[in-house]
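Reckoned from all heavy atoms, side chains included, excluding hydrogens, waters and symmetry mates.
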Amino acid sequence: MNDVWFSEPVVIDFEPSGQHKVSSCFEAIECLDQRWPRRARDRAWRSASRVCRDALDGLRSPVEARKTLRKAAKAAGLLG
């Protein structure tokens, strides 16, 4: 499986560990699965996870994946 890169990274602020730049769908999935706060695993989080996985499978565009990741980060109050 080849990674799918974003046109520009999404900066997510995980306090207290600081900001993290997410540049690809694989990095986004890793971030959503491993670093995302439990309290913020809502509908936007599920959508971002699904769209990023679909982008890796060639079913969605990297633009859609980046957009849904930003939306989830904004909803969670993590947008850097």
Side-chain angles (χ1 to χ4, degrees):
M1 174 180 347
N2 291 329
D3 202 353
V4 176
W5 296 88
F6 299 150
S7 58
E8 65 179 275
V10 176
V11 179
I12 300 175
D13 195 3
F14 292 107
E15 298 214 4
S17 60
Q19 292 184 337
H20 182 75
K21 287 185 181 179
V22 179
S23 300
S24 70
C25 287
F26 185 79
E27 288 178 10
I29 291 167
E30 190 174 63
C31 178
L32 289 161
D33 288 348
Q34 297 176 10
R35 301 188 71 178
W36 214 261
R38 295 270 179 229
R39 64 165 174 75
R41 295 189 178 201
D42 57 5
R43 182 179 293 185
W45 172 83
R46 286 190 302 277
S47 178
S49 182
R50 182 174 47 255
V51 173
C52 287
R53 290 175 200 280
D54 285 352
L56 285 176
D57 290 337
L59 303 172
R60 300 283 188 107
S61 74
V63 172
E64 289 176 282
R66 184 179 183 280
K67 182 179 177 181
T68 58
L69 178 64
R70 281 186 49 84
K71 184 177 178 180
K74 185 174 182 180
L78 300 173
L79 204 53

- prompt: What is the distance from atom OG of S24 to atom CH2 of W5, rounded to the nearest 0.5 Å?
  reply: 4.5 Å
message: Looking at every heavy atom in both E8 and R66, which two are closest together, and how far apart are they?
response: O-NE, 2.8 Å
task: Compare all side-chain heavy atoms of F26 with those of C52 and state whether any distance is below 4.5 angstrom.
output: no
task: Measure the shortest side-chain to side-chain distance between K67 and K71 over non-hydrogen atoms and say whether it is less than 4.5 angstrom.
output: no
- prompt: Looking at side-chain heavy atoms only, is the closest gap between L78 and P37 below 4.5 Å?
  reply: yes
- prompt: Which heavy atom of A44 sits nearest a heavy atom of A75, and at what distance?
  reply: CB-CB, 4.3 Å
message: Show the nearest heavy-atom pair for residues C25 and D3, with the distance to one decimal.
response: N-OD1, 3.5 Å
With R60 via side chain to side chain contact (heavy atoms under 4.5 Å, CB included) - residues at least two apart: V51, D54, A55, E64
- prompt: Can you pull the salt bridge (Lys or Arg N to Asp or Glu O under 4.0 Å) pairs that have at least one residue in residues 34-44, sequence neighbours excluded?
  reply: none
query: For S49, which residues count as a side chain to side chain contact (heavy atoms under 4.5 Å, CB included) partner, sequence neighbours excluded?
result: L32, D33, R53
field: Min side-chain heavy-atom separation L79-D13 under 4.5 Å
entry: no
field: T68 to S47 - nearest heavy-atom pair and separation
entry: CG2-OG, 4.3 Å
statement: In short, C31 meets F14 closest at the heavy-atom pair SG-CZ, 3.2 Å
message: To the nearest 0.5 Å, what is the distance between NZ on K74 and CG on L69?
response: 13.5 Å
